[in-house]
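Contents: one structure, followed by commentary.
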Amino acid sequence: MIVCLQIPRFALTVAVGREALLSAPLALAPEAGREPVVGEPSAAAETQGVRAGMRLGEALARCPGLRLVPPDPAGVADAHDRLLAALEGIGAAVEAGRPGLAFFDAHALRHLHGDLAGVITVARRAAGRPARIGAGPARFAALAAASRARARRAEVFGPDLRAVQRALAALPVDLLVTFAEGRGEHADIALAALPEPLRRLGVSTLGELAALPRAAVADRFGAVGLRARELARGKDVPLRPREPVEQLQEELELPESASGPQLEQALGLLVDRLLARRERRGRALRAAVVSAVLVEGGTWRDRMTFREPLTDPRRMRLVLAPKLAGLPAPAEVLRLRAEGFGPPTGAQGALVEEPASARAERLREAVRQTRVAAGPDAALRVLEVDPDSRVPERRLVLAPWETA
């Protein structure tokens, strides 16, 4: 059986705490530089018609007392990592979804924690906060069960496929949106857009979708329609658990709200510290996350996957420094974390001497890329004109680097 653990309003809870959710109508404020829509609302805001993704003006019109909370993407990512690590600590091979959502197979854990009820109890304790837990023979069935569960009562669909299909039949097709968006970085946009045309055709429940002829679904919706039909019939692809990786992080508290060159200097210091960590063991970095705590409240976070594993601090600074331009406000704390490692680097030379023409071609390509990024005057060379002149400006001149 696949177990789905879902923590409602995860991002809002991280930003304000569980106790604050009960006091007043709250919602996550729009992220700076993005579309002006609100994020997750509290239960009090939902009762007044506020929904996630609603335009800010409409949300304030429906709920004049709505309090907007600065989003905390860095804190949400850290809390989600701690949740996944806690589930892995009980022996589960976890597939990560969007923040606050995780899947794992309970079959192997029965030898450690007893029956399915024992596995669910241990998982709830490991989560450390109220969670909805559902179980089913496939990922989608487990998510559907979790959507009907309560904080202290798990829901199980099954055990056989026919029982799962009966349980899914009455659920709305909107559950496909939750499932598609729950994949986090691997969200299926086409699947999330499918419920709207289905409702226009009169298909409002998963049972009605499962009853449609396969050929008709394929003709109207293509591959995404066939996938949705299989999900409605209780079938899904196997889990893809994540590989636990060691995460190294460096943090620098800025003495005053910094921006511009000061931030770039701080980033360079963090890069040097991260590469000097003993835990790196000579491995190259495949991905890094730059995050910051903002002076005005909230956090900012951006992830960068390098084209090739890097250990050169200069190249890392060149890649990561442009990300700082996305900061919506001055920062008081800057963090850099390594999220992926490559093989250890070495100083192995080439077995066969590389032709001069190949080296010249690589140099010409590097010059072309530099000029595209920084302008035509980015690659120049120094030429001697009159070395014996008394005027310094006449001795040397700058000329364009010839790439032909």
Side-chain angles (χ1 to χ4, degrees), residues 6-80 97-101 130 132 147 172-201 204 257 259 290-303 323-332:
Q6 182 180 17
I7 299 178
R9 301 181 178 88
F10 185 77
L12 185 61
T13 303
V14 172
V16 301
R18 280 178 288 179
E19 293 78 8
L21 293 180
L22 304 176
S23 58
L26 308 173
L28 289 177
E31 295 188 22
R34 297 193 178 181
E35 191 176 3
V37 296
V38 297
E40 294 180 347
S42 64
E46 280 189 348
T47 58
Q48 301 188 42
V50 180
R51 298 290 183 268
M54 181 178 289
R55 303 288 272 183
L56 180 59
E58 182 181 357
L60 293 175
R62 293 192 177 192
C63 181
L66 182 66
R67 173 189 163 196
L68 297 177
V69 180
D72 187 6
V76 170
D78 292 341
H80 185 55
R98 59 173 171 75
L101 182 65
R132 295 179 178 178
S147 67
V173 292
D174 291 336
L175 194 62
L176 294 172
V177 179
T178 305
F179 178 73
E181 295 177 348
R183 302 296 302 278
E185 297 179 355
H186 307 285
D188 191 338
I189 300 176
L191 185 62
L194 190 61
E196 183 178 353
L198 285 174
R199 285 194 299 269
R200 289 202 301 264
L201 294 173
S204 58
S257 58
S259 60
V290 183
S291 60
V293 178
L294 305 179
V295 174
E296 299 177 354
T299 60
W300 168 86
R301 182 178 187 269
D302 201 347
R303 187 177 189 272
K323 297 291 184 181
L324 298 177
L327 273 170
E332 58 184 9

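Please read all numbers here as calculations on a predicted model, not as lab measurements. FYI, side chains are in, hydrogens and waters are out, and symmetry mates aren't considered; it's all heavy atoms of this structure.
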What are the two closest non-hydrogen atoms of [X] and [Y], and how far apart are they?
| X | Y | value |
| --- | --- | --- |
| A27 | L12 | C-CD1, 4.3 Å |
| P71 | L28 | CA-CD2, 4.2 Å |
| L191 | F179 | CD2-CD2, 4.0 Å |
| T13 | P8 | OG1-O, 4.0 Å |
| V37 | G53 | CG1-O, 3.5 Å |
| P70 | A15 | O-CB, 4.0 Å |

For residues [X] and [Y], determine if any side-chain heavy atom of one lies less than 4.5 Å from a side-chain heavy atom of the other.
| X | Y | result |
| --- | --- | --- |
| H80 | V14 | no |
| L26 | V16 | yes |
| P25 | V50 | no |

Can you tell me how far [atom2] of [Y] sits from [atom1] of [X], rounded to the nearest 0.5 angstrom?
| X | Y | atom1 | atom2 | value |
| --- | --- | --- | --- | --- |
| R301 | D78 | CZ | CG | 7.5 Å |
| D174 | E196 | CG | CD | 10.0 Å |
| I189 | L194 | CD1 | CG | 14.0 Å |

Quiz item: side chain to side chain donor-acceptor pair (under 3.5 Å) with R62: which residues, sequence neighbours excluded?
Solution: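 So R62 forms a side chain to side chain donor-acceptor pair (under 3.5 Å) with E58.
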
Practice problem: Could you pull out all residues at least two apart from R55 that satisfy salt bridge (charged side-chain N to carboxylate O under 4.0 Å, His left out)? | Solution: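 Applying salt bridge (charged side-chain N to carboxylate O under 4.0 Å, His left out) to R55 gives E35.
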
Practice problem: Mind checking side chain to side chain contact (heavy atoms under 4.5 Å, CB included) for R51 and listing every partner two or more places apart, or none if nothing turns up? | Solution: E46, M54

Exercise. Mind running side chain to side chain contact (heavy atoms under 4.5 Å, CB included) on T178 and S147 for me, showing each step along the way?
Key: CA-CA 9 Å; T178 305; S147 67; over 6 Å; no

Practice problem: Without swapping roles, check the side chain of T299 against the backbone of A74 for a donor-acceptor pair under 3.5 Å. | Solution: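 Pair found, side chain donor or acceptor close to backbone of A74.
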
Quiz prompt | Side-chain donor/acceptor of Q48 to backbone N/O of C63, under 3.5 Å | solution = no

Quiz prompt | side chain to side chain contact (heavy atoms under 4.5 Å, CB included) between L327 and L294, worked out | solution = CA-CA 9 Å; L327 273 170; L294 305 179; 3.8 Å; yes

